[in-house]
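Computed from a prediction, not measured in an experiment: that's the story for all the values here. Throughout, residue positions are numbered sequentially from 1 according to the sequence presented.
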Amino acid sequence: DEFISSPPRKTVRFGGTLTEILLKYEKGDTTDFELLKHQLSDPDIKDAQIINWLHEFRASVAYLTKELGQLVNILLKLPWLRRSREVVEEYLGFLGNLVSAQTVHLRPCLRMIVAQFVPPRITIREDDVDISDSDDDDENISANFDTCHRALQTVARYVPSTPQFLMPILVEFFPFINKSERTLECYVHNLLRVTVYLPTLRLQILELIIEKLLKLDVSTPQQDIEDAEETANNCASEEKSTEEGLFDMEEDEDRKGNKVVSPNIERMAHPLAERLDILMTILFSYIRDVCHVDGKLDISNTKDLYRDLVSVFDKLILPTHASCHVQYFMFYICSFKLGLAEAFLDHLWKKLQDPNNPSVIRQTAGSYIGSFLARAKFIPVVTVKACLDLLVNWLHKYIDNQDKGANAYCDVALHGPFYSTCQAVFYTLIFRHKQLLDGNLRKGLSYLQSLNFERIVMCQLNPLKICIPSVVNLFAAITRKYQLVFCYTIIERNNRQFIPVVRSGTGGDLVQTCTNPLDSFFPFDPYILKRSKKTIDPMYQFWEELSAEDLEDLKKPIKKGTSEDEDDDFLKGETPQNDGVVEIAPNSYESNTRSPVSSIGSPADCYVPYPL
């Protein structure tokens, strides 16, 4: 009785049923068809009208052929996401019927769904001028994204070939890096959600995301980030002191201080670094969530993701020079289980020793090995020793093959992988020598002596001439202290043979430039993005300040040089205030060698002097 007595839903309809309208259109009568398009395009269309139309369209999908693509596009533009639950359910049912009956409309449907992966924009206009254009902070945005993924899953269920059509659309819709942080954050988050229910796309989606992150990373040099942070800190300090000067009231001081500092404590001052920081945080969270089920490491999931990430690493990261942060996704996943770290080292080792690989790839693999062994806290000493054995044995065999031949001379072009491996060994020893000697000094010294560093540094290939001077000097100081090899004679001879390279500086002054013959870098230099560094710092080995005795060892042969590529915290650190430290003279490259605010406890700059 209630149903019979209730009034029908009020809807406005013209032109008969949908089937009649479409049949008339086929016969050339377009009047009702145009009226239908106008009604569907009405911005004030009611929920009840949408539901009625969709119900009819679901029953008439056989008529929605390629020729009616214009009408289908209007249907795909219907504002269905921010409507009632009934509208959403009806629309999802319509999408399923449409793509199963007319696969010709698959691409437009996918494009419509993917376009919803970012927050809508709200534009306020005055006198035909946009005065505001910002992301919509709709509190239902998360629920809308959930609905989009339901729609995508519905389409994929009806059309098994969805993934191959979807991937080019995901690439096309990826926002430009100058879009808002929120837009990039939402899109990347939604891409990663797609990998959960369309696992065949995971590798391609990870490639896409990491490629975009890499572009952000190389567009944001570490020095630029540090300069922006320093400028922001100075401005904040000035603003705070100004406020305290104007309003010198004790009860307000704390409140005002917090007001100045707290809102920006998590934000990066550099806009591209801020975007990169947010996206790296999302990537780390994704890796953690995939690899852990109910808080416990899932070995199978972790191995599968590791294989995909190594594939992306080989394709994108390894050929890219001097990226600062993106490569840390490998550092992070390797921290979950020692077997993964050892597998990654083995992978890099194979790249390094394979003569079929390009020399630059082999050199980069050497840099990664050295930096990973030095910086990863989760790698035990036994693994470090095993890697040093492999690397040093390879160096000795290389010397056996090359030291007496026609190419037995110092040349980076000929022996790049050799020099890169030497630098990896020296760098690892600098960071790990205390652990290698800890517990049983005699046994540790015996092990280091067995590596026969003397033969490596004395060979005709002369690695001390090619490796970064800071690494050479610290290696020389440590090996001298433990009487493993005396490097300073070779260093002084190399200095006498060095021909300085000069260029014209500002104002016509001649400025000495120190070249980095290997063009090497340390991939796991300190991570400086504020949010995502919280994930990395607990497992990261920072440079520890040298003791006064160690610093005394550095006194005689050292004064400051310059190198544009020496970005490591221990290479460019602030001088510790100890009695044994050598005075360092300022030079034109002071800004390039100054330590970032976060690199506390770094050693003195230790450079070979290059006499003019």
Interatomic distance, [X] atom [atom1] to [Y] atom [atom2] [nearest 0.5 angstrom]:
X	Y	atom1	atom2	value
K397	F418	NZ	CZ	14.5 Å
S532	L283	OG	CG	10.0 Å
N473	C467	CG	SG	11.5 Å
K303	I333	NZ	CD1	12.0 Å
L436	H433	CG	NE2	9.0 Å
I210	S323	CD1	OG	11.0 Å

* M280 and its side-chain contact (heavy atoms from CB on, under 4.5 Å) partner, picked from T535, L213, L216 ->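 Checked T535, L213, L216 against M280; only one passes side-chain contact (heavy atoms from CB on, under 4.5 Å): L213.
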Which heavy-atom pair separates [X] from [Y] by the least distance, and what is that distance?
X	Y	result
R202	L305	NH2-N, 3.4 Å
F284	Y332	O-CE2, 3.3 Å
R267	K530	O-NZ, 3.0 Å
L214	T320	CD2-OG1, 3.3 Å
Q222	P526	NE2-O, 3.8 Å
C487	A476	CB-CB, 3.7 Å

* Audit row: F453, F475, ring pair (Phe, Tyr, Trp, His ring centres under 6.0 Å) steps and yes/no -> CA-CA 10 Å; F453 287 127; F475 172 76; 5.5 Å; yes
Would a distance-only check, ignoring hydrogens and angles, find a side-chain to backbone donor-acceptor pair under 3.5 Å from [X] to [Y]?
X	Y	result
D217	H325	yes
S420	P417	no
T281	D277	yes
R432	L373	yes
H189	E185	no
E211	L316	no

* To do: Kindly state whether the ring of Y527 and the ring of Y540 have centres lying under 6.0 angstrom apart.
  =>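 Between Y540 and Y527, which both carry aromatic rings, the centre distance is not below 6.0 Å.
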Are side-chain heavy atoms of [X] and [Y] found at a separation under 4.5 Å?
X	Y	result
F378	F331	yes
Q327	F372	no
L437	L448	yes
L352	Y368	no
L348	F344	yes
I177	K212	no
D314	V310	yes
Y398	C459	no

* Going through the distances and angles, do L484 and E454 end up as a side-chain contact (heavy atoms from CB on, under 4.5 Å)? -> CA-CA 7 Å; L484 299 171; E454 185 172 8; over 6 Å; no
* To do: Tell me, yes or no, whether the heavy-atom count around H396 atom NE2, taken from other residues, nucleotides or ligands under 6.0 Å, exceeds 12.
  =>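 Yes - once you tally the heavy atoms of other residues, nucleotides and ligands closer than 6.0 Å, there are more than 12.
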* Before giving the answer on side-chain contact (heavy atoms from CB on, under 4.5 Å), spell out for D438 and K434 the whole-Å C-alpha distance, their side-chain angles and the decisive distance to 0.1 Å. => CA-CA 6 Å; D438 193 30; K434 289 182 181 177; over 6 Å; no
* **Residues that F329 engages under ring-ring contact (aromatic ring centres under 6.0 Å, His included), provided they are two or more places apart** =>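 Result, ring-ring contact (aromatic ring centres under 6.0 Å, His included) vs F329: none returned.
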* **Listed partners of Y286 passing ring-ring contact (aromatic ring centres under 6.0 Å, His included), at least two apart** =>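 Testing Y286 for ring-ring contact (aromatic ring centres under 6.0 Å, His included), a comparison that skips the adjacent residues, returns none.
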* Check the angle between the aromatic planes of Y427 and F431 and answer parallel, tilted or perpendicular using the 30° and 60° thresholds. =>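 Answer is tilted, since the angle falls between 30° and 60°.
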* Test log, rule side-chain contact (heavy atoms from CB on, under 4.5 Å), inputs F524 and I536 -> CA-CA 11 Å; F524 297 118; I536 298 300; over 6 Å; no
Can we say [X] and [Y] salt-bridge, meaning some charged N sits less than 4.0 Å from an Asp/Glu carboxylate O?
X	Y	result
K350	D346	yes
D537	K377	no
D304	R307	yes

* To do: Assess whether side-chain contact (heavy atoms from CB on, under 4.5 Å) is satisfied between I528 and E229, documenting all intermediate values.
  => CA-CA 10 Å; I528 62 173; E229 289 298 316; over 6 Å; no
* Asked: Among side-chain atoms of Q223 and D227, is any donor-acceptor pair under 3.5 angstrom?
  ->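 Note: Q223 and D227 side chains meet the donor-acceptor criterion.
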